[in-house]
Amino acid sequence: MFDALYLEEAGQPAALRKLPENALPDEEVTVRVHWSGLNYKDALAITGRGPVVRAWPMVPGIDFAGVVERSSSPDFTVGQQVMLNGWGVGEKHWGGLAQKASVRAAWLLPLPQGLNAQQVLALGTAGFTAMLCVQALVREGVEPGSGPVLVTGATGGVGSVAVMLLARLGYEVVAVTGRLEEQPYLQKLGASEVLARSHFEMPSRPLEKARWAGAVDVVGGQVLASVCAAMKPQGVVTACGLAGGMEFPATVAPFILRGVTLVGIDSVMCPKTVRQDMWERLALLVNKDLLAEMTRVIPLSDAITAATDLLDGKIKGRLVVEVP
């Protein structure tokens, strides 16, 4: 038997249950999970506030790290430390908020050199997504001297890591948050300026004053539209979240009059070679002391309550779930 957060059917909240090992999906590798994360998508699944889960019953948890217990794949051996994020785990396939997970070998990665399992989950899907955003800005030609880079949702997991990574690379980072009392936290991560989210929540004109050379947006909705309207010529916006809604009440003006580029970031089905590269970059770039400060560790038994707090905007930084 093993402990797991369990979603039996739509409309019912998650519960901590003991499950028989033969309930696990029949996949190539079984992992004894030691660390998982509590991400925005996990919180939606656990609370039932969003249509995240695609198959029932479900064990949520879109990322985890642990040790291989059983493997029929030549790529992984018993006792090896491994990690996983994405691939529909926790949505279509049983995930990592449990003591055990059974997954396809193609979804797993060995731990990146320079990070231990807890640090990997302190970064988790949020950190991986932030790295994809930062790398997209670099790829599209946004340099530290190009001008300020905006990060919305800056006190959340993706936003916090994005602020830290951009500052580490020498960018001028402007953080946007609905929690201005967290200004000291954001400045410690590297933000040179902190702006209230309310400035971006009102309908914007097709073009606003050009201010931002780049942006990492995790909010979507009107905030994303307002960010695009205020981009500098040839500015680049990376979009990776929809906490503010899926709507995009914008015009084509920023894109055809200023040459703004909007880059969508997909962390779920990202190719394995890209994943390996991003995790290697994270291992080199991340400030481990700041990462520790932005991370709170909770037991699996607290994950249900913490999921509600996360959606209610009461959590800053990253939540790591220690699985007993």
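- In terms of modelled atom types and a separation under 3.5 Å, the side chain of Gln99 and the main chain of Asp3 share a donor-acceptor contact.
- One N or O on the side chain of Arg318 and one on the backbone of Leu121 form a donor-acceptor pair closer than 3.5 Å.
- Gln135 places no side-chain N or O within 3.5 Å of a backbone atom of Leu132 that could act as its donor or acceptor partner.
- Annotation for Arg49: atom CZ counts as buried by contact number, over 12 foreign heavy atoms lying within 6.0 Å.
- At distances below 3.5 Å, at least one donor-acceptor pair connects side-chain atoms of Lys272 with backbone N or O atoms of Leu108.
- Counting all heavy atoms, side chain and backbone alike, Ala136 lies closest to Val263 at CB-CG1, 4.2 Å.
- By the criterion of side-chain heavy atoms lying less than 4.5 angstrom apart, applied directly or through intervening Ile, Leu, Val, Met, Phe, Trp or Tyr residues, Phe200 is not grouped with Met202; the two fall into different hydrophobic clusters.
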Check against side-chain contact (heavy atoms from CB on, under 4.5 Å), Glu21 and Lys100: CA-CA 8 Å; Glu21 190 162 343; Lys100 293 180 185 285; 3.6 Å; yes

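- No more than 12 heavy atoms of other residues, nucleotides or ligands lie within 6.0 Å of CG in Asp26, so this atom counts as exposed by the packing criterion.
- In this structure, Pro148 and Val173 have side chains that are not in contact, with every pair of non-hydrogen atoms separated by 4.5 Å or more.
- Contact detail for Ala98 and Ala4: the closest heavy-atom pair is CB-CB, 3.4 Å.
- Following chains of ILVMFWY side-chain contacts shorter than 4.5 Å, one cannot reach Val297 starting from Leu300, and the two form parts of different hydrophobic clusters.
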Pair Leu311, Leu44 - check side-chain contact (heavy atoms from CB on, under 4.5 Å), show working. CA-CA 8 Å; Leu311 295 184; Leu44 289 174; 4.0 Å; yes

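- Taking CD of Glu182 as the start and NZ of Lys188 as the end, the distance is 12.5 Å to the nearest 0.5 Å.
- Residues Val219 and Leu224 are not in side-chain contact: their nearest non-hydrogen atoms beyond the backbone lie 4.5 Å or more apart.
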For the pair Asp217 and Val176, evaluate side-chain contact (heavy atoms from CB on, under 4.5 Å) and give the outcome as yes or no after the intermediate values. CA-CA 10 Å; Asp217 177 66; Val176 178; over 6 Å; no

As a quick check of understanding, evaluate side-chain contact (heavy atoms from CB on, under 4.5 Å) for Val194 and Thr177, giving each step before the final call. CA-CA 7 Å; Val194 179; Thr177 180; 3.8 Å; yes

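- Looking at Gln234 and Glu140, their side chains never come closer than 4.5 Å, going by heavy atoms from C-beta outward.
- The backbone N or O of Asp289 lies less than 3.5 Å from a partner atom in the side chain of Asn287, making a donor-acceptor pair.
- Side-chain atoms of Trp94 come within 3.5 Å of backbone atoms of Pro57 as a donor-acceptor pair (strictly under, hydrogens ignored).
- Put simply, the residue from Leu84, Val268, Asp63 that forms a side-chain contact (heavy atoms from CB on, under 4.5 Å) with Val89 is Leu84.
- Contact detail for Ala45 and Val53: the closest heavy-atom pair is CB-CG2, 3.8 Å.
- Atom CD of Gln113 sits in a sparse spot, with 12 or fewer heavy atoms from other residues, nucleotides or ligands closer than 6.0 Å.
- Contact record, Val321 with Pro299: CG1-C, 4.0 Å, taken as the closest heavy-atom pair.
- Counting only distance, with no hydrogens or angles, the side chain of Glu28 and the backbone of Ala105 share a donor-acceptor pair below 3.5 Å.
- Linking Ile, Leu, Val, Met, Phe, Trp and Tyr whenever their side-chain heavy atoms come within less than 4.5 Å puts Tyr185 and Leu166 in one cluster.
- Inter-residue side-chain proximity for Asn116 and Gln81 is flagged as unmet; no heavy-atom pair is nearer than 4.5 Å.
- Judged by distance alone, the side chain of Asp42 and the main-chain N or O of Asn39 form a donor-acceptor pair under 3.5 Å.
- Relative ring orientation between Phe248 and Phe255 is described as tilted, the plane-to-plane angle lying within the 30° to 60° band.
- Counted within 6.0 Å of NZ on Lys92, heavy atoms from surrounding residues, nucleotides or ligands total 12 or fewer; the atom is thus considered open.
- Rounding to the nearest 0.5 angstrom, the gap separating the CZ atom in Arg168 from the CG atom in Leu189 is 12.5 Å.
- You'll find the side chain of Val134 reaches within 4.5 Å of the side chain of Leu169, heavy atoms only.
- Residues Trp212 and Leu195 come closest through the heavy atom pair CH2-CD1, 3.9 Å.
- Side-chain atoms of Phe2 and Lys18, non-hydrogen and from C-beta on, never get closer than 4.5 Å to each other.
- Within the 3.5 Å criterion, the main-chain N or O of Leu207 finds no donor-acceptor partner in the side chain of Arg258.
- In this structure, CE in Met58 is found 12.5 Å from CD1 in Ile46, a value given to the nearest 0.5 Å.
- Considering only heavy atoms from C-beta on, Leu137 comes within 4.5 Å of Val216 through its side chain.
- Around CD of Gln276, the count of heavy atoms belonging to other residues, nucleotides or ligands within 6.0 Å exceeds 12.
- With hydrogens and angles left out, the side-chain atoms of Ser146 and Tyr171 include no donor and acceptor closer than 3.5 Å.
- Both cation-pi conditions hold for Arg275 and Trp87: the charged atom is under 6.0 angstrom from the six-membered ring centre and inside a 45 degree cone around its axis.
- Once rounded to the nearest 0.5 Å, the distance linking NE2 of His93 with CZ of Arg54 reads 15.5 Å.
- The hydrophobic cluster containing Leu285 also contains Val163, counting ILVMFWY residues as joined when their side-chain heavy atoms lie under 4.5 angstrom apart, directly or transitively.
- We find the CZ-CD distance between Arg32 and Glu69 to be 7.0 Å, quoted to the nearest 0.5 Å.
- Smallest separation of non-hydrogen atoms from Ala229 and Pro254: CA-CG, 3.9 Å.
- When hydrophobic clusters are built by joining Ile, Leu, Val, Met, Phe, Trp and Tyr residues whose side-chain heavy atoms come closer than 4.5 Å, directly or via intermediates, Trp35 is not grouped with Val323.
- Side-chain atoms of Gln80 come within 3.5 Å of backbone N or O of Thr77 as a donor-acceptor pair.
- Side-chain contact between Glu8 and Tyr6 is present, with heavy atoms from C-beta onward closer than 4.5 Å.
- Atom CG in Asp302 sits 11.5 Å away from atom CD in Glu322 (nearest 0.5 Å).
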